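Below: the structure, in structure tokens.
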2 protein chains.
Amino acid sequence: MKPLFHPDTADIQLSSVLYALSDPVRLMMVYKLRQNGERACGDIELPIAKSTVSHHSRTLREAGVVRTRMHGTQRLLSLREEDLETRFPGLLNSILASYEETDEL
Amino acid sequence: MKPLFHPDTADIQLSSVLYALSDPVRLMMVYKLRQNGERACGDIELPIAKSTVSHHSRTLREAGVVRTRMHGTQRLLSLREEDLETRFPGLLNSILASYEETDEL
DNA sequence: TTTATTGTTCTATGATCATCGAACAATAGA
DNA sequence: TCTATTGTTCGATGATCATAGAACAATAAA
């Protein structure tokens, strides 16, 4: 099984992060991950097919927003909060705070 | 001449703002607008055709990031800093601060 | 009135995207 | 070993996008 690609902290691109978070489904995933901590893909309740969840998970991972680790048959997702804070201080917090201003919860 | 659409402050969508700012060209436009203040489309140096600049200007305007006003044959663009601050406090600042961490300047 | 300036709109193109279902791979459990 | 669970990958589809050039509209200047 091939190892999953994760960009180094220094290689995380702002445009990619903003793009990853500009999709309502992915933003909700990120919000729930921060609220609940590490979660398996399938444990994040989302109104879409599992293949689509997989696609979004990959987008978040390749943008450097999320880390994925294997655990049995599951993939556990977690927010790369510290890495993002290192790379772009305050960014994630202000985006998630903005998300809470929204009616999309 | 039709009036240009600008969303009300309360109607500005987070996803739309993040999407608008996820494009490197648009992010640069926003960065320069904050640095230099109100500018005509054509005065923002960008390595793309004017029809493409027009397209990006529209995306930023319709997302609520930028305001456009007529002035002779020119369209003057300005950042909706206060409106964005009202709607999503701290968001624009943290994104532009992050942009400065970048090598895209 | 004619010409120059500024930017939009139209049309087209190649690319990427979000979505789904079906098939597949890997692991866990019986 | 067989079966269930979990998620990825593949193939397809309809949509949207970034880009450019050409034609157009509106205003300013000569």
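Values reported hereafter were calculated over all heavy atoms of this structure, with side chains retained and with hydrogens, waters and symmetry mates removed. Everything quoted here is computed from the prediction, not taken from an experiment. A note on names: the letters A, B, ... follow the listed sequences, proteins ahead of strands, and every chain is numbered from 1.
- Atom CD of B:Glu45 has 12 or fewer heavy atoms from other residues, nucleotides or ligands within 6.0 Å.
- Residue order along DNA chain C, read from the 5' end via each residue's closest nucleotide, puts A:Arg26 first among A:Ser51 and A:Arg26.
- One atom, NE2 of A:His71, and another, P of C:dT27, lie 13 Å apart when rounded to the nearest Å.
- For B:Arg61 and C:dT9, the CZ to C1' distance is 13 Å, given to the nearest whole Å.
- Proximity of B:Tyr19 to the phosphate of D:dA18: a side-chain N or O atom is located under 4.0 Å from OP1 or OP2.
- Note on A:His55: a base of the nucleic acid sits closer than 4.0 angstrom, heavy atoms only.
- Looking at B:Asp83 and B:Arg67, their side chains come closer than 4.5 Å, going by heavy atoms from C-beta outward.
- Of the two residues near DNA chain C, A:Ala49 and A:Gly72, the one whose nearest nucleotide lies more 5' is A:Ala49.
- C:dG21 atom C1' lies 14 Å from atom CD1 of A:Ile48, rounded to whole Å.
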Item checked: Contact state string [nucleotides 2-7 of chain C, B base, S sugar-phosphate only, - no protein heavy atom under 4.0 Å] -> ---BSB
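- One can place CG of B:Asp23 at 11 Å from C1' of D:dT19, the figure rounded to the nearest angstrom.
- Taking side-chain N and O atoms only, B:Thr52 has no distance below 4.0 Å to OP1 or OP2 of D:dA18.
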